[in-house]
Amino acid sequence: MRNARTRALVIIAAILIGAAAVAFGFGNRSSAPLPARPAAQRPTLLLLTSLPLVFGEQFSLDGGGSPALKAIETRYRVVPISVTDEKELAKGRLLLMAHPLAQPAEDLVALDNWVRRGGRVMLLADPMLEWPSERPLGDPLRSPPMFMDTGLLGHWGLRLDAPEERGAAARELGGYRVATGSPGQLYGSCDISRDRLVAHCAIGKGRATIVADADLLDVDHVGGDAGHNLDALLAELARLERK
């Protein structure tokens, strides 16, 4: 009887250890970074942003853009746009909106129609931007302190909440553990991640990926382990291409 009980305890312990190992493996998994594409094979990526990704705050070309832009340009031909009107959106079928300025109502309608006809958009909507800036508050050239939602997220069935606490936080994005700065939380009818950082939405014939943080692009200042932040960005863009 004692031997049978011992064997049973050993089997149970082995099962628990195996389950823990599997859980650890899933919790620490990461995909292999996507390779660079040859220049001739890079699709167009429209870029709308208030962040200093293409130019620094002083509009200097020194350094050839931010680390985020350099990573994006390994796989895409980046075309900056200033608004989401029909003329600008007609330049491509994949759009990255990285903490954009508020868009006029007619341009939001144009964006919604573009997505519903098959466009793909990744929107980084930060409810509490921590990106450092030398420009004073109120300067029109400074990125807004929060995503200026004028009804777009609600129209797509989402709600964006500000964080309860400020500071760096680890989250999951694109199969990677990423560093974020005071990330928000998403709620609604789309496919939302467990940590509420990202929502994947089917909108008509198109797709939208909404991420409740933009500081993750500022890999030099966001804090935490940002080593895979840009890999995660590229993985989410690739997912939009496939869908």
Test side chain to side chain contact (heavy atoms under 4.5 Å, CB included) on His99 and Trp131; report intermediate values, then the result. CA-CA 11 Å; His99 199 66; Trp131 201 295; over 6 Å; no
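- When atom types are taken as modelled, the side chain of Ser50 and the backbone of Pro100 share no donor-acceptor pair closer than 3.5 angstrom.
- A distance-only check finds a donor-acceptor pair linking the side chain of Thr49 to the backbone of Ala98 [under 3.5 Å].
- Grouping Ile, Leu, Val, Met, Phe, Trp and Tyr by side-chain contacts under 4.5 Å, direct or through others, puts Leu152 with Leu46, Leu48, Val79, Ile81, Leu89, Leu95, Met97, Leu108, Leu111, Trp114, Val115, Val121, Leu123, Phe147, Leu153, Trp156, Leu158, Leu160, Leu186, Ile192, Ile203, Ile210.
- By the salt bridge (charged side-chain N to carboxylate O under 4.0 Å, His left out) test, Arg159 pairs with Asp161, sequence neighbours left out.
- Not one N or O on the side chain of Asp215 forms a donor-acceptor pair closer than 3.5 Å with the backbone of Thr180.
- Looking only at side-chain heavy atoms (C-beta outward), Arg196 and Arg171 stay at 4.5 Å or farther from each other.
- A distance-only check finds a donor-acceptor pair linking the side chain of Asn229 to the backbone of Ala179 [under 3.5 Å].
- Thr44 places no side-chain N or O within donor-acceptor distance of the main-chain N or O of Gly92, the cut-off being under 3.5 Å.
- Side-chain contact check for Pro163 versus Pro127: some heavy-atom pair is nearer than 4.5 Å.
- In this structure, the side chains of Arg177 and His228 stay at 4.5 Å or more apart for every pair of heavy atoms.
- Residues passing the side-chain hydrogen bond (donor to acceptor under 3.5 Å, both in side chains) test with Arg42: none are found, sequence neighbours excluded.
- Within the 4.5 Å cutoff, the side chain of Met122 has heavy atoms near those of the Leu240 side chain.
- Side chains of Leu53 and Leu217 form a contact here, defined as non-hydrogen atoms less than 4.5 Å apart.
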Checking side chain to side chain contact (heavy atoms under 4.5 Å, CB included) for the pair Val211/Glu236: CA distance, chi angles, key distance, verdict? CA-CA 10 Å; Val211 180; Glu236 287 291 346; 5.6 Å; no
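- In this structure, the side chains of Met146 and Met128 stay at 4.5 Å or more apart for every pair of heavy atoms.
- Minimum heavy-atom separation, Asp126 to Ala214: OD2-N, 2.8 Å.
- Closest of all the heavy-atom pairs between Glu88 and Asp85 is N-OD1, 2.9 Å.
- If you chain together hydrophobic residues whose side chains sit under 4.5 Å apart, Leu173 and Leu34 fall into the same group.
- Contact check for Glu241 versus Pro43: side-chain heavy atoms found under the 4.5 Å cut-off.
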Output, in order, the C-alpha distance, side-chain angles, deciding distance and verdict of side chain to side chain contact (heavy atoms under 4.5 Å, CB included) for Leu124 and Asp213. CA-CA 6 Å; Leu124 306 186; Asp213 185 73; over 6 Å; no
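- Annotation: Arg116, atom CZ; neighbour count of heavy atoms from other residues, nucleotides and ligands within 6.0 Å is above 12.
- The side-chain heavy atoms of Thr209 and Arg239, taken from C-beta on, include no pair separated by under 4.5 Å.
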